[in-house]
Amino acid sequence: MADKYSSTAFEAQKKAFKEYLKLNNASATMACVALNIYRPNGCRFKSMLQEAGELVVTHNGRCKETGWRADYLSCDPAIVAKVKGGNSGQ
């Protein structure tokens with residue numbers, strides 16, 4: 001099994017993060033808690049996926065984990081296409 005700090009573990013966590021956000025609309029912290037991922041890595045995954053065009057912010061609301069305002073994220077291809085398509089017509 002891969003050490004939790006190895007690049008293999010990092011890539012596995014990134015994949016799990018993306019798959020979680022395909023099925024759930026959640027903040028990065030909520031996804032990290034659900035998946036038991038180190039929170040700073042969740043922030044890295046969010047940035048990487050946004051830059052790749054695979055993640056969008058659906059809305060801003062109260063995080064169910066922290067109580068603070070947070071972006072709710074999705075990697076669902078249908079939602080990503082809808083959000084990106086909606087922004088171009090404004």
Checklist outcome for this item: Residue set satisfying ring-ring contact (aromatic ring centres under 6.0 Å, His included) with Phe45, at least two apart, ordered chain then number -> Phe10, Phe17

Checklist outcome for this item: Heavy-atom nearest pair, Leu73 first then Ala28, reads CD1-N, 3.8 Å

Next on the checklist: Quick one, Cys63 and Met30 - any side-chain contact, counting heavy atoms below 4.5 Å?
Outcome noted: yes

Checklist outcome for this item: Heavy-atom closest pair (Ser27 atom, Ala70 atom, distance to 0.1 Å) is CB-CB, 4.0 Å

Item to check | Nearest-0.5 Å distance, CG of residue Asp76 to NZ of residue Lys82 | outcome: 10.5 Å

Could you list the donor-acceptor pairs under 3.5 angstrom formed by side chains in residues 52-59, with sequence neighbours left out?
from	atom 1	to	atom 2	distance (Å)
Glu54	OE1	Lys18	NZ	2.3
Thr58	OG1	Asn25	OD1	2.9
Thr58	OG1	Asn25	ND2	3.2
Thr58	OG1	Tyr72	O	3.2

Next on the checklist: Run the side-chain hydrogen bond (donor to acceptor under 3.5 Å, both in side chains) test against Arg44 and tell me which residues pass, sequence neighbours left out.
Outcome noted: Asn41

Next on the checklist: As an exercise, state the distance from CD of Glu65 to OG1 of Thr29, rounded to the nearest 0.5 Å.
Outcome noted: 8.0 Å

Checklist outcome for this item: Smallest heavy-atom separation, Val80 atom then Ser74 atom, equals CG2-O, 3.8 Å

Checklist entry - By side-chain contact (heavy atoms from CB on, under 4.5 Å), which residues pair with Asn36, not counting sequence neighbours? => result none

Checklist outcome for this item: Applied to residues 21-34, the salt bridge (Lys or Arg N to Asp or Glu O under 4.0 Å) test, sequence neighbours excluded, yields Glu19-Lys22

Checklist entry - With sequence neighbours left out, what residues match Ser47 under side-chain contact (heavy atoms from CB on, under 4.5 Å)? => result none

Checklist entry - How many angstroms lie between atom SG of Cys43 and atom CD1 of Ile37, to the nearest 0.5 angstrom? => result 11.5 Å

